[in-house]
Amino acid sequence: MRILKPTAENIALAGRALVSGQLVAMPTETVYGLAANAFDEVAVARVFEAKRRPNFDPLIVHIAEVEEAGRVVSSIPPAARELMAALWPGPLTLILPKREELPDLVTSGLPSVAIRLPASDLARALIRAAGLPLAAPSANPFGYLSPTTAEHVASMLGERVDYILDGGPCPIGVESTVLDMTGKVPLVLRPGGMAVEDIAAVVGRVDIFDRAVAKPTSPGQLASHYAPHTPLHLVEAGCLGKARPRAGAVALCFDSASLKVLSSSRPGLFAHLVCLSESGNSLEAAAHLFSLLHDLDKGGWPEIWAERLPEEGLGRAVNDRLWKASKK
Ligand code: TXA
Ligand code: MG
């Protein structure tokens with residue numbers, strides 16, 4: 001494994017590696033992805049193996065221009081076209097009918113494919129250098145926290161990846177919003193970096209998958225996913241003071257206001273307090289989420305106690321990841 005600085009030479013090198021069937025971890029605006037040529041079944045199989053990922057979990061195909069969608073997708077309904085025009089490049093993944101030529105391994109046998117055009121210039125430069133659509137799941141072992149730095153990828157996947165293109169920390173920090181466009185009404189399968197409000201502004205009605213009433217059809221909807229090894233308990237906003245943590249536990253507050261209330265009202269309840277965003281900005285909270293959880297997981301705390309964010313904008317994606325990381 002080699003970590004590459006993002007020079008033109010190294011991007012070309014990584015592009016050639018992808019053409020020859022190797023795996024490259026690439027930075028995107030959301031999280032690092034583990035990329036392979038989407039049309040190379042052996043390379044795609046190596047992605048599953050590197051992640052120890054069950055083969056039933058389909059991958060997202062990344063493209064660099066809207067026109068390339070036709071290489072992997074068989075038809076694009078008008079609403080999907082509008083979303084592509086309005087919100088791509090960006091953290092929005094669309095589920096659309098797949099082209100037959102795309103290997104079934106990429107979509108785990110589903111007739112649909114997940115496709116996205118990342119906002120990261122570096123990701124698009126790599127896709128262009130390879131000249132290929134790239135199948136890339138998040139570059140973490142299956143079920144564990146997603147990586148938001150090259151170091152996260154290196155420590156989690158090590159020699160199972162050929163190159164890591166180092167683009168620094170990912171600015172958004174949570175995965176893309178996955179939107180199923182194959183039904184009558186667009187359906188959010190996974191809340192993520194693109195706020196549902198922004199999608200609704202383009203297409204009008206949007207349904208949100210509700211795990212209370214529906215069966216999961218995509219592993220991004222599984223109850224336990226993106227989880228740290230340290231037990232994590234999730235409580236309502238402002239309720240950390242009512243928690244009954246084990247001695248030595250750490251509290252993950254939303255903002256510094258909440259942290260101050262907790263430290264003055266319940267001094268000593270937690271051994272350590274941290275917050276996701278000093279100023280209470282959900283965008284910033286999303287950007288810090290996985291990095292903070294990686295650090296806390298390495299810190300040897302017996303438990304992590306976290307509070308929910310307001311359920312709006314990126315707060316929805318952060319709450320979804322905290323819930324999936326939590327003990328049920
Ligand atoms: O931001 C992201 O989306 C990152 C970066 C690397 O692009 N990628 C990512 O990929 O999070 P991954 O594989 O960790 O998550 C893909 C999600 C999974 O929940 C998967 O089940 C769902 O997309 N998915 C993929 N193809 C699907 C399909 N055909 N139908 C329904 N869900 C699908
Ligand atoms: Mg993932």
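Order of listing sets the numbers, starting from 1, for every ligand and every atom in it.
Residue-to-ligand polar distances keep Thr28 apart from ligand 1: every N/O pair is separated by 3.5 Å or more. On a distance-only criterion, Lys51 and ligand 1 share no N/O pair closer than 3.5 Å. Geometrically, ligand 1 and Thr30 share a nitrogen or oxygen pair separated by less than 3.5 Å. Polar contact with ligand 1: present for Arg190 (N/O pair, distance under 3.5 Å).
Applying the 4.0 Å criterion to heavy atoms of Ile60 picks out, from ligand 1, the atoms 3 (O), 8 (N), 9 (C), 10 (O), 16 (C). Contact atoms of ligand 1 toward Leu110: 28 (C), 29 (N), 30 (N) (distance under 4.0 Å to a heavy atom of the residue). Using a 4.0 Å cut-off to heavy atoms of Pro137, the atoms of ligand 1 that qualify are 10 (O), 12 (P), 13 (O). Near Leu189, meaning under 4.0 Å from any of its heavy atoms, are these atoms of ligand 1: 31 (C), 32 (N). Heavy-atom proximity to Gly33, at under 4.0 Å, picks out these atoms of ligand 1: 6 (C).
Between Asp320 and Lys324 there is a salt bridge, since at least one side-chain N of the basic residue sits less than 4.0 Å from a carboxylate O of the acidic one. Using a 4.0 Å cut-off between charged side-chain N and carboxylate O, Lys98 and Asp104 make a salt bridge. Using a 4.0 Å cut-off between a side-chain N of Lys or Arg and a carboxylate O of Asp or Glu, Arg316 and Glu197 qualify as a salt bridge. The pair Arg124-Glu65 does not count as a salt bridge, with every side-chain nitrogen at least 4.0 angstrom from each carboxylate oxygen.
Heavy-atom distances between Ser112 and ligand 1 reach below 4.0 Å in at least one pair. Heavy atoms of His62 approach ligand 1 to within less than 4.0 angstrom. Proximity of Thr107 to ligand 1 is not established, as no heavy-atom distance is less than 4.0 Å.
Other residues, nucleotides and ligands contribute at most 12 non-hydrogen atoms within 6.0 Å of the CD atom of Glu100.
The distance from atom CE of Met181 to atom CD1 of Ile115, rounded to the nearest 0.5 Å, is 13.0 Å.
Compare Pro58, Ala136, Gly192 by their heavy atoms: the one nearest to atom 25 (C) of ligand 1 is in Pro58.
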Next item on the list: Using the side chain to side chain donor-acceptor pair (under 3.5 Å) rule, take Arg116 and Thr28 through it: C-alpha gap first, then chi angles, then the decisive distance, then the call.
Entry: CA-CA 11 Å; Arg116 113 172 175 88; Thr28 80; 3.1 Å; yes
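Ring-plane geometry between His294 and Tyr144 is classed as perpendicular, the angle between the planes exceeding 60 degrees on a 0 to 90 degree scale with a lower cut at 30.
The residue Asp180 has no part lying near ligand 1, judged by heavy-atom distances below 4.0 Å.
Distance check for Asn140 against the Mg ion (ligand 2): none of its N/O/S atoms falls below 2.8 Å.
The side chain to side chain contact (heavy atoms under 4.5 Å, CB included) with Arg2 is formed by just one residue from the set Val161, Leu13, Leu165; it is Leu13. When Thr30, Ile127, Ile63 are each tested for a side chain to side chain contact (heavy atoms under 4.5 Å, CB included) with Pro118, only one passes: Ile127.
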